[in-house]
Every structure is written in structure tokens, then in C-alpha cells.
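Numbers restart at 1 for each chain; the letters A, B, ... are given by sequence-line order, proteins then strands. Hydrogens, waters and symmetry mates play no part in the numbers below; they use all other heavy atoms, side chains included.
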2 protein chains.
Amino acid sequence: MTEHAPLELERFLPYRLSILSNRISQAIARDYQSRFDLSMTEWRVMAVLARFDSQGLSASDVAARTEMDKVAVSRALARLVAARRVARRTHNGDKRRSVLRLTATGWKVHDAVAPLARTHERELLAMLGDDERDALMRVLDKLAPV
Amino acid sequence: MTEHAPLELERFLPYRLSILSNRISQAIARDYQSRFDLSMTEWRVMAVLARFDSQGLSASDVAARTEMDKVAVSRALARLVAARRVARRTHNGDKRRSVLRLTATGWKVHDAVAPLARTHERELLAMLGDDERDALMRVLDKLAPV
DNA sequence: TGCTTGTAGTTTCATATGAAACTAATCTTA
DNA sequence: TAAGATTAGTTTCATATGAAACTACAAGCA
């Protein structure tokens, strides 16, 4: 008789991680989308621009910081600029580079979304014990260091 | 002075989980793709068909077991059937339902891919300590119960 | 029976995504 | 300093995805 040793998908780590991550991301994305007409990628761009505001980031700085590819960043920025949430200027002395800042409107959105994001995270972490939370953070540090 | 409290994306749990999951899935997907012309969704369908082989699953059984939506399953099956990796018959007594089985070819692919999948998982887990591994599994059980 | 409602699966359509080609500007070096 | 190589960013093209419409069949019920 032949032995096929099928995989138990529901215990397979990569599968479970992808289920978990998709559930969380989609729940959050739906929320941002419906409340602010803001996609996950747009929010990530805004979060980075907010955090490094003083530095006048370029699109490729944003791509590096968000781990998104430059096409995704370019498209997110196109929408954010059209919505006047981000101002795009040209770099002094390097006309290829853009210099990106949140506008006042952009900051308003940011200041509404950021607490919402924190709440989502808190709700997740509340389901875990302290020890599990710590272990999870260590796991993330080891498997996907920043 | 205004306080904007920007989010530190690189410490934000949903973001980190999505980075980790995408990295792992993409690495594995690239591997299956290049070696077997098999997408991640196709592999998941095959894994479920292998596991519940005796039960003559239908497409919606597969959708339920894989947590994929029925459109994705339908398309994966179309490709798998075209490649003669899966045989599709019609259910006796309910002509809407399909009855799906791996073909001999399908089993060959399965038997090559399954150990590969296990290896990927082992390599991941090898980066963690026993305690971290246990905690990770508990976290997954709590946050994304099967 | 025949009508309504429900279910399995596929197709359509609109959007998302990424690789590669492209444009424009800058840098390198002979 | 002019040609070739690099870099920033956009566009194109091919594929992936999901919601909703659609087709075919089945079940419930008058």
C-alpha cells in the first residue's frame, strides 16, 4: 500500500500565518476604507510621512520604510495627492526626487486614523496573555527583523 | 504645539504580521511555481483533496476547508483539471455538485510538494526556541482558531 | 405538478498587483 | 564634457482577486 502523507493544512504554519494576517488586515482595511476612503497602502504611506515628517521623504524613502514596492507607492501617492492629503514638491537640486509632506487635511486624517489603528492592535493583544505577547514579539523579531 | 502621535509602523502588530506572512508565502510560492508550475491556491486545493481523498469532496467543501472563496477555488480547479492533476466527476444524484479526486499525476505532484512544504516549515521553526514555538502556536490558536 | 426559494459552480466586471519598459534627470569616467 | 551607466518615478501589460450577476439544478410547498 502506498503512503501519501498528506499535509494538515490547518496546522501548517505558513498557512495559518497567512489566514491570520489576512483576517486582521482585511478587517482593518475595511474599516479605514469605509470611514476615510483610505486603502491600507495609502495609510501606510501616510503613517510613514507623519512619522518622518521633518525629513521631507521622497517616494523611494517611503517605499523603503513601508516595504512596499515603488509601483505601489507611486499609485498610493497619486491618490493621496489627488485627495490633497499629501503635498508633492520637487527636490531642490535633484529634479527626479519628490519631497512629500502631509497637508493639513492629511494630518487631520492621520490624527483620526492613528488612534483607530492603535485600538485595533490593543484588541488583538488583549486576547493574549503577557507571556504570549512577549513571545510573539520575539518571534516577529527573529523571523521578520525590521 | 500640536501632538500628532504618529504610529511606529515597524512595531505595529498587524503590519509586522503582514510583512512576515507575505515574505514566507512569497518565498514558498515562488518555489512551487518554478518547480511545478503550481500556485499557492492550487497547492492548497491539492493538499485538501489529498487529505480528504476518501470523501469525494466538492468544490464548496474545498472552499470551506481552505478558507478560500468559491471563485478562487473554481479557478484553481479549472487549472488543475486542465493539467490533469485533478479529476472532476458529477455527483450521483446531485448534478450541481462536483466530485473531486487527485489523479495519479496529481498524487505524484502532491508527493513531491508535501515534503517540500514540510521542509519550509521546519526551516522556519528551527529559527525559534521551543518555548517560542509553543507560544506561537498558542497565539495562532487564540487569534485564528481553525 | 408547477412555482418559489435556495445552492453549486462559473463568468463577468471592476480593481489590485508586480514585472518590465519607459522617461527624465543625475552621476561617472574616459 | 559627451557617452554610457544609474537612479527616481510613472506607465504599460499581463495576471490575480473578489463582488455580483448568471446558469443549472434541487428542494420546499401550494
> Can you find a donor-acceptor pair, distance only, under 3.5 Å between Arg75(A) side chain and dG18(C) base?
Replying inline: yes

> Between dG9(D), dG18(C), dA19(D), which one does the side chain of Arg97(A) approach most closely?
Replying inline: dG9(D)

Enumerate, atom names and distances included, each donor-acceptor pair closer than 3.5 Å involving a side-chain atom of residues 72-83 of chain B, sequence neighbours excluded.
from	atom 1	to	atom 2	distance (Å)
Arg79(B)	NE	Glu42(B)	OE2	2.4
Arg79(B)	NH2	Asp37(B)	O	3.3
Arg79(B)	NH2	Asp37(B)	OD1	3.4

> Would one find a side-chain N or O of Ser58(B) under 4.0 angstrom from OP1 or OP2 of dG9(C)?
Replying inline: yes

> How many Å lie between CG on Asn92(B) and P on dA26(D), as a whole number?
Replying inline: 11 Å

>> For dT10(C) and Ser74(B) - does any side-chain N or O of the residue sit under 4.0 Å from the phosphate oxygens OP1/OP2?
In response: yes

> Are Leu143(B) and Leu128(A) side-chain neighbours, meaning at least one heavy-atom pair lies under 4.5 Å?
Replying inline: yes

> Rounded to whole angstroms, how far apart are CD on Gln26(B) and P on dA16(D)?
Replying inline: 13 Å

> Atom CD of Glu42(A) to atom C1' of dT15(C): distance rounded to whole Å?
Replying inline: 13 Å

> dA16(C) phosphate, OP1 or OP2: any side-chain N/O from Arg79(A) under 4.0 angstrom?
Replying inline: no

> Can you tell me how far P of dT5(C) sits from CZ of Arg96(B), to the nearest Å?
Replying inline: 17 Å

>> Side chain of Ala72(B), heavy atoms from C-beta onward: which of dG9(C), dA26(D), dG18(D) has the nearest atom to it?
In response: dG18(D)

>> Quick check: do Arg23(B) and Leu17(A) have side-chain heavy atoms less than 4.5 Å from each other?
In response: no

>> What is the distance, to the nearest angstrom, from the NZ atom on Lys95(B) to the P atom on dA27(D)?
In response: 11 Å

> Could you give the NZ-to-P distance, from Lys70(A) to dT11(D), as a whole number of Å?
Replying inline: 13 Å

Show the atom names and distances, to 0.1 Å, of all donor-acceptor pairs under 3.5 Å that link a side chain in residues 105-118 of chain A to residues at least two apart or in another chain.
from	atom 1	to	atom 2	distance (Å)
Asp111(A)	OD1	His4(B)	ND1	3.1
Asp111(A)	OD2	His4(B)	ND1	2.6
Arg118(A)	NH2	Ala5(B)	O	2.4

> Quick one: Asn22(B) CG to dT17(C) C1', roughly how many Å, whole number?
Replying inline: 12 Å

> Separation of Asp37(B) atom CG from dT15(D) atom P, in whole Å?
Replying inline: 12 Å

> Across the strands shown, which category fits Ser98(B) at heavy-atom distances under 4.0 angstrom: base, sugar-phosphate, nothing?
Replying inline: sugar-phosphate

>> With nearest nucleotide decided by heavy atoms, which residue, Gly93(B) or Arg30(A), maps closer to the 5′ end of DNA chain D?
In response: Arg30(A)

> Given dG9(D), is OP1 or OP2 found less than 4.0 Å from the side-chain N or O atoms of Ser60(A)?
Replying inline: yes

> Which residue lies toward the 5' end of DNA chain C, Asp94(A) or Gln33(A), if each is placed at its nearest nucleotide?
Replying inline: Gln33(A)

> Do Asp53(A) and Arg101(A) touch side chain to side chain, with heavy atoms closer than 4.5 Å?
Replying inline: yes

